Amino acid sequence: CRRCTRKHQGVDLTKVGGGTLGTKVYASASGRVAVVIYHSSCGGNQVYINHVIKGKNYMTVYKHLLTYRVKVGQLVTPNTVIGYVGGSRTKTKWDHCSTGPHLHFETAHGHYTTNYYALGRTFNPTSVINF
């Protein structure tokens, strides 16, 4: 996206529901919702979840959501629908960094609400999750 200034992190999942707008998005692991962002101009609706897995802190990020169904502080499990696939230029006009329906998924070491990019804490989600 020419209007986005950050380096692209994470993976874009178009296979979620075949890339169908409105497909359910589930939490990748149990955790607590740390941040919910509404109508960001680059990333759309976003959900950030903090996890503790085998004694280590992790964060997962879900971007380009059409809508979300969670709130800050809520406990979630892999059975929790956290939102719905968005990214459509016609349905999410506020999200200028999307190229079509998909879920942008990121992972990071630690618990953060901001600056996890600058701290170099992100890592490739495919190294821990089999998609």
Side-chain angles (χ1 to χ4, degrees):
C1 169
R2 70 184 193 289
R3 296 178 63 186
C4 299
T5 57
R6 292 190 308 211
K7 180 180 174 188
H8 189 272
Q9 302 287 337
V11 294
D12 288 331
L13 303 170
T14 58
K15 301 260 186 235
V16 178
T20 304
L21 190 69
T23 299
K24 293 177 183 176
V25 174
Y26 294 87
S28 62
S30 295
R32 184 177 303 272
V33 177
V35 177
V36 175
I37 297 174
Y38 179 72
H39 284 194
S40 169
S41 64
C42 191
N45 295 317
Q46 305 172 32
V47 173
Y48 295 61
I49 301 174
N50 287 333
H51 311 272
V52 178
I53 301 171
K54 296 183 181 180
K56 295 186 179 182
N57 293 335
Y58 296 96
M59 181 183 68
T60 54
V61 181
Y62 309 78
K63 294 184 177 181
H64 303 299
L65 298 172
L66 180 63
T67 60
Y68 53 84
R69 293 186 55 186
V70 293
K71 59 184 178 183
V72 172
Q74 180 178 338
L75 292 173
V76 297
T77 71
N79 294 319
T80 305
V81 175
I82 61 167
Y84 300 91
V85 171
S88 165
R89 291 276 177 116
T90 57
K91 296 288 185 181
T92 55
K93 294 178 184 189
W94 61 87
D95 186 357
H96 302 288
C97 291
S98 184
T99 57
H102 71 285
L103 171 68
H104 177 84
F105 180 72
E106 299 175 10
T107 48
H109 295 284
H111 290 171
Y112 304 95
T113 54
T114 61
N115 281 342
Y116 62 96
Y117 281 119
L119 296 171
R121 306 304 256 158
T122 59
F123 64 94
N124 186 339
T126 62
S127 68
V128 294
I129 299 173
N130 185 18
F131 292 100

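Predicted, not measured: the structure shown is a model, and the values here were computed from it.
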H102 and H64 aromatic ring geometry - parallel, tilted or perpendicular at 30°/60° bounds
tilted
To the nearest 0.5 Å, how far apart are [atom1] in [X] and [atom2] in [Y]?
{"X": "K24", "Y": "L103", "atom1": "NZ", "atom2": "CG", "result": "15.5 Å"}
{"X": "K56", "Y": "H109", "atom1": "NZ", "atom2": "NE2", "result": "8.0 Å"}
{"X": "Y26", "Y": "I82", "atom1": "OH", "atom2": "CD1", "result": "11.0 Å"}
{"X": "Y68", "Y": "I37", "atom1": "OH", "atom2": "CD1", "result": "9.5 Å"}
{"X": "H111", "Y": "Y58", "atom1": "NE2", "atom2": "OH", "result": "10.0 Å"}

Side chains of S28 and P78: closer than 4.5 Å at any heavy-atom pair?
no
Does a side-chain heavy-atom distance below 4.5 Å link K63 with S40?
no
For [X] versus [Y], what's the shortest heavy-atom pair and its separation?
{"X": "V25", "Y": "Y84", "value": "CG2-C, 4.1 Å"}
{"X": "A34", "Y": "N50", "value": "CB-ND2, 3.4 Å"}
{"X": "V72", "Y": "V36", "value": "CG2-N, 3.9 Å"}
{"X": "L21", "Y": "V85", "value": "CD1-O, 3.5 Å"}
{"X": "A27", "Y": "V76", "value": "CB-CG2, 3.9 Å"}
{"X": "F123", "Y": "T107", "value": "O-OG1, 2.7 Å"}

With clusters defined by side-chain heavy atoms of hydrophobic residues (ILVMFWY) lying less than 4.5 Å apart, directly or transitively, does L75 cluster with V61?
no
Do you reckon V52 sits in the same ILVMFWY cluster as V35, going by side-chain contacts under 4.5 Å, direct or chained?
no
Using modelled atom types and a 3.5 Å cut-off, is there a donor and acceptor pairing between side-chain atoms of Y62 and backbone atoms of I49?
no
Quick check against the 3.5 Å criterion: does N45 have a side-chain atom that pairs as donor or acceptor with the backbone of H39?
yes
